[in-house]
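Take a look at the structure set out below.
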Amino acid sequence: MCGRFTLKTPARDLIAALDLASSDRQLGLFEPRWNIAPTQQVPVVRLDGGAREAVAMRWGLIPSWSKEPGKGAPLINARSETVAEKPSFRTALKRRRCLMPADGFYEWQESGGKGAKQPFYIHRKDDGPFAFAALWECWRSKEDPAAAPVESCTLVNTEAVGWMTEIHHRMPVILEPKDFDVWLDPELQEAGPLAPLFAPAEHNELVAQPVSTYVNKATNEGPRCVEVQKTLF
DNA sequence: CCAGACGTTGTT
DNA sequence: GTCTGG
DNA sequence: CCAGACGTTGTT
DNA sequence: GTCTGG
């Protein structure tokens, strides 16, 4: 599972890595963040009339049919194994795929027994940015049609493989830049061609480092979140 | 036909 | 919205 | 994901 | 325990 991540790469570098048209509006989206938590606004990249655009939306997908948005567990992850069938996700998988830019994420490792969990920060060896496979949705209030629609998103996850299994058994799907166009193509509406993108891959370009529980508190921010620290156990 | 569910994680 | 259960 | 709150009555 | 907030 992936329940926290970072996006601290300078905006200009992100705009280049994601092949976005630069604009003042996009620059504002990419303020450096070390502790992005569920329900917060996050930048995602989608196609808008054929061009990639970056927009902010709530992390925690709200199905369009939801009566009370925000009720229940937030849908921050979608299992790749079932995403094409689940009512909450299947329409978004067909027509509303997006990239969720990140440059690292956190996973909490359970100790054998009870009690403390050890957070790890997982990032590229070169600390560069990448993109999670993500979906977005648009929710409109039925009681108040004049209210602003709420856009929200979720990231697709898969089975962890390789060294990552020692930390956690699930991991986010990280897309190769060569696959960005296929993932974003709204004309492509069958799940078949998308399945290979979900294949669990050994991410040899990624490394994990233990960090302090400072990151646990969602309001804690800054480089201290990713400082290396001796493991708790 | 209408009513009710619709998600993930992890733990037991 | 769309599917399942009754 | 983790942290933190979680209730009512009545009185001032 | 379970729900809400970030």
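Chain A is the first sequence line, chain B the second, and so forth, proteins listed ahead of strands; every chain is numbered from 1. Computation of the quantities below employed the complete heavy-atom set of this structure, encompassing side-chain atoms and omitting hydrogens, waters and symmetry-equivalent molecules.
At least one side-chain nitrogen or oxygen of A:Lys117 sits closer than 4.0 Å to the OP1 or OP2 atom of D:dC2. The side chain of A:Thr82 contributes an N or O atom lying less than 4.0 Å from OP1 or OP2 of B:dT8.
The ring pair (Phe, Tyr, Trp, His ring centres under 6.0 Å) check on A:Phe130 picks up A:Phe132, with sequence neighbours excluded.
A:Pro63 comes within 4.0 angstrom of nothing in the nucleic acid, heavy atoms only. Residue contacts for A:Tyr106: at a heavy-atom cut-off of 4.0 Å it reaches no nucleic acid atom on any strand shown. Across all strands shown, A:Asn157 has heavy atoms under 4.0 Å from sugar-phosphate atoms exclusively, and none from any base. Within 4.0 Å (heavy atoms only), A:Thr219 reaches sugar-phosphate atoms of the nucleic acid but no base atom. Residue-level contact check: A:Pro119 touches neither bases nor backbone, having no heavy atom under 4.0 Å from any strand. As judged by a 4.0 angstrom heavy-atom cut-off over every strand, A:Trp108 is placed among residues touching the sugar-phosphate backbone only.
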Between the protein and nucleotides 3-6 of chain C, are there any N/O to N/O pairs under 3.5 Å, and if so, what are the atom names and distances?
none

Atom pairs, N/O to N/O, protein against nucleotides 3-5 of chain D, distance under 3.5 Å?
residue : atom : partner  : partner atom : Å
D:dA3   : OP1  : A:Asn216 : ND2          : 3.3
D:dG4   : OP1  : A:Lys217 : NZ           : 3.2

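With A:Trp34 contributing its side chain and A:Arg224 its backbone, the two residues share no donor-acceptor pair below 3.5 Å. Put simply, the side chain of A:Arg4 never gets that close to the backbone of A:Tyr106: no donor and acceptor are under 3.5 Å apart. Listed for the A:Gln109 side chain is a donor-acceptor partner under 3.5 Å among the backbone atoms of A:Glu166. Put simply, the side chain of A:Gln209 never gets that close to the backbone of A:Glu227: no donor and acceptor are under 3.5 Å apart.
Distance, A:Asn77 CG to B:dG7 P: 14 Å, rounded to whole Å. Atoms CD (A:Glu137) and P (C:dG1) sit 11 Å apart, rounded to a whole Å. Rounded to whole Å, the distance from CG on A:Leu155 to C1' on D:dC1 is 11 Å. Between A:Glu81 atom CD and B:dT8 atom C1' the separation is 12 Å, expressed in whole Å. Put simply, CZ on A:Arg140 is 11 Å from P on C:dG1, counting in whole angstrom units. What separates CE of A:Met1 from C1' of B:dT8 is a distance of 5 Å, to the nearest Å.
On the P atoms, D:dT8 is 15 Å away from E:dT4, given to the nearest whole Å.
Judged by Watson-Crick or G-U wobble contacts below 3.5 Å, the nucleotide E:dG6 has D:dC1 as its partner. Pairing for D:dT8 is absent, with no Watson-Crick or G-U wobble pair whose two atom distances lie under 3.5 Å.
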